[in-house]
Number of protein chains: 2
Amino acid sequence: MIDADGGASALLRGLGLCKGLDEAGLAAMAAAAQPRRLAAGDFLLYQDQPAERFYVVTRGRLRLSQVTAEGHQVIMGFVGPGGAVGIIAVLGGIDFPVSAEAVEEAELLGWEGAAVAQLMLQHPRLAVNGMAVVAGRFRHVMDQLRELSTERVERRIARALLRLANQAGRRTEQGILIDMPLSRQDLAEMTGTTLFTVSRTMKAWEGRGIVRSGRMEVCICQPHALAVIAEDLATSEPTTSTPDAHDPDVPRG
Amino acid sequence: MIDADGGASALLRGLGLCKGLDEAGLAAMAAAAQPRRLAAGDFLLYQDQPAERFYVVTRGRLRLSQVTAEGHQVIMGFVGPGGAVGIIAVLGGIDFPVSAEAVEEAELLGWEGAAVAQLMLQHPRLAVNGMAVVAGRFRHVMDQLRELSTERVERRIARALLRLANQAGRRTEQGILIDMPLSRQDLAEMTGTTLFTVSRTMKAWEGRGIVRSGRMEVCICQPHALAVIAEDLATSEPTTSTPDAHDPDVPRG
DNA sequence: CGTATTTTTGAAGCGATTCAATGGACGTGG
DNA sequence: CCACGTCCATTGAATCGCTTCAAAAATACG
């Protein structure tokens, strides 16, 4: 039920889920798609709800988060244009594991789980792609798990920023601007720490010229320096033994 | 290629992947299965290898772990009889995200990814089940991620032990014995802490009669007390509201 | 302008790590 | 059998990374 079927097909063609799908399949998917619009702050779906529809973002950005019994919030990630929300829960037959909230105005396409399951029988390519999408996501979550159990806070924050830069980065003269509202609290909930620690860490980076940050916004001036912190480059030669001698003489990037 | 096709079918019937599959499907799966045997300490597969086969454990137990660039090991979980290894990577078309090592002598059935993908086209139920398996695993990893970012070490260890009791617990007079070799180091790598902290924590529990532990073995004497530590019961009035129903379920013998 | 939200900063303290050293359990071979 | 080496577990002491709480400063908004 989309106004311009041709437009929708073109849009779908770019999705991981529809990759390599033939014309008939694309048309069927487009016909089954239900458009949806969200204002900033709106919730698309809530954790522990039965999963009946999944969505693909066509504009804007959503935040996926869990809330613990004690009220702590944990951010599992963000989804932007081209990304899918709820697909694992729908296809896997489980409740949504997270809540999804629009951090800015957003537009989406939704599909009934049952309808897509039906389509998958007729277009096996859809099922195969669905698996690939899920597997990629799975790998990502595992990486985060490993990070969280083995790495220090500073490095986790660095990694989170680099991931965000990849997903939502926009080139500016200053550097890579993360193109969405992002608070210290958000970063803390992404990395399993407190907003205070995030603030201190980023202030220190700002002093070294690595980032520039303001209220709800972050710009990465020296991505390479951040990468050095995130990966374990640079622990090679101990020229000076002073603890705060993190030399900024990194290879240029 | 299994000696007793009837036996294999019966075995497959118990798998999540084959749930609700018709006779023809079961037979086809049984025909495509390749048996495999491992001695304790053998590796079934290594992380970052291309995933060509996946496996189902029929006897014994495997440890799934990742190693970081710095050499830290992280245990992503254990798989026992009925559990699948590598299925996400194979179906999703990614490299194995973990290594799998037998912690005791084990027997498995293996399938070529390409063959199963073919079977999934003829028996859509297989594809649906595959999704369900992956989704369940996904949820599990997300839970661990949330735990790790919000909860203190003692609680994480308690949870890990309860999970292990569910997967590999055996009733004894003393309590629920975790029926596989398990070191302090293992528990530390499951919970993102050090073996020292695990040792101290468990010693304290032992003093309270909650667990009994020895070299490479743990027995949970008071599962409910562990559950109280794991969940946040107990910080309120110990009146009628204590959910006895929340008692950890007794594993299959 | 006042109010609300986000961010910064300081000081105190705890939880957990780190390192070193000891103690036990187990298997092996003399 | 005991002596031995190996692996695993315990324990203590020092320390640090990070949290916690309180309060102030900066920023946005009506």
Side-chain angles (χ1 to χ4, degrees), chain A residues 40-41 63 68 70-75 103-104 147-161 178 180-208 211-219 229 241-244 246, chain B residues 40-41 63 68 70-75 101 103-104 147-161 178 180-208 211-219 229:
Chain A
R63 171 173 52 214
T68 72
E70 279 102 8
H72 285 112
Q73 203 172 99
V74 180
I75 295 180
V103 295
E104 50 193 17
E147 255 181 51
L148 205 50
S149 39
T150 61
E151 283 164 12
R152 294 275 138 94
V153 168
E154 183 185 30
R155 185 171 294 187
R156 299 206 301 268
I157 299 173
R159 274 208 218 280
L161 281 183
I178 291 172
M180 60 184 256
L182 184 75
S183 69
R184 304 288 180 274
Q185 176 76 33
D186 287 333
L187 276 168
E189 287 170 359
M190 292 180 72
T191 52
T193 180
T194 65
L195 74 156
F196 308 103
T197 299
V198 171
S199 177
R200 279 185 245 268
T201 304
M202 290 192 51
K203 250 323 176 186
W205 287 343
E206 201 152 355
R208 293 166 57 189
V211 303
R212 242 165 204 297
S213 70
R215 184 193 175 92
M216 302 288 280
E217 87 172 24
V218 179
C219 179
I229 296 172
S241 56
T242 43
D244 59 337
H246 268 234
Chain B
R63 173 172 53 213
T68 73
E70 278 102 8
H72 286 114
Q73 203 172 98
V74 180
I75 296 181
E101 179 188 7
V103 295
E104 48 193 17
E147 254 180 53
L148 205 51
S149 37
T150 63
E151 284 164 10
R152 295 275 133 96
V153 168
E154 184 186 30
R155 183 170 295 187
R156 299 207 301 268
I157 300 173
R159 274 207 217 280
L161 281 182
I178 290 170
M180 59 183 257
L182 183 75
S183 69
R184 303 290 179 272
Q185 176 77 32
D186 287 333
L187 276 167
E189 287 171 1
M190 293 180 73
T191 54
T193 181
T194 64
L195 74 154
F196 307 103
T197 298
V198 171
S199 177
R200 280 185 245 267
T201 303
M202 291 193 52
K203 253 315 174 187
W205 288 343
E206 203 152 355
R208 293 166 57 189
V211 304
R212 242 166 203 297
S213 70
R215 184 193 173 90
M216 301 289 279
E217 88 173 22
V218 179
C219 180
I229 295 173

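Computed over heavy atoms, backbone and side chain alike; hydrogens, waters and symmetry mates excluded. Throughout, a chain's letter reflects where its sequence line sits, starting with A, and its residues are numbered from 1.
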Trace of the side chain to side chain contact (heavy atoms under 4.5 Å, CB included) decision for T193(A) with V198(A): CA-CA 7 Å; T193(A) 180; V198(A) 171; 3.8 Å; yes
Stepwise side chain to side chain contact (heavy atoms under 4.5 Å, CB included) check, V218(B) with W205(B): CA-CA 12 Å; V218(B) 179; W205(B) 288 343; over 6 Å; no
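Axis angle across the helix from dC1(C)-dG30(D) to dG30(C)-dC1(D), with five pairs used at each end and values rounded to 10°: 30°.
The side chain to side chain donor-acceptor pair (under 3.5 Å) test applied to S183(B) returns D186(B), not counting sequence neighbours. Qualifying side chain to side chain donor-acceptor pair (under 3.5 Å) partners for E217(B), counting only residues two or more places apart in sequence or in other chains: none. Residues passing the side chain to side chain contact (heavy atoms under 4.5 Å, CB included) test with E151(B) are E147(B), R155(B), R156(B), R159(B), sequence neighbours excluded. Every side chain to side chain donor-acceptor pair (under 3.5 Å) that E206(A) has, sequence neighbours left out, goes to S213(A). Here T201(B) pairs with nothing under the side chain to side chain donor-acceptor pair (under 3.5 Å) rule; sequence neighbours left out. R184(A) pairs by the salt bridge (Lys or Arg N to Asp or Glu O under 4.0 Å) definition with nothing, not counting sequence neighbours.
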Provide a list of protein-nucleic acid N or O atom pairs under 3.5 angstrom, restricted to nucleotides 21-30 of chain D.
unit_1: dT27(D); atom_1: O2; unit_2: R215(A); atom_2: NH1; d: 2.9

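Across all non-hydrogen atoms, the minimal contact from S149(A) to G192(B) is CB-CA, 3.6 Å.
The nucleotide range of DNA chain C contacted by chain A, defined by atoms under 4.0 angstrom from heavy atoms of the protein and reported 5' to 3', is dT5(C) to dT18(C).
In this structure, OG1 on T197(A) lies 11.5 Å from CD on E154(A), to the nearest 0.5 angstrom.
Rounded to whole angstrom, the span from the CD atom of E151(A) across to the P atom of dC18(D) amounts to 12 Å. The CZ-C1' distance, from R152(A) to dT19(D), rounds to 15 Å in whole Å.
Along DNA chain C, the nucleotide nearest to V198(A) and the one nearest to V153(B) differ in position, and the one closer to the 5' end is contacted by V198(A).
Within the structure, salt bridge (charged side-chain N to carboxylate O under 4.0 Å, His left out) contacts touching residues 193-202 of chain A (residues at least two apart or in different chains) do not occur.
Base contact: T197(A) has a heavy atom under 4.0 Å from a base atom.
Under 4.0 angstrom from either OP1 or OP2 of dC8(D) there lies no side-chain N or O belonging to S199(B).
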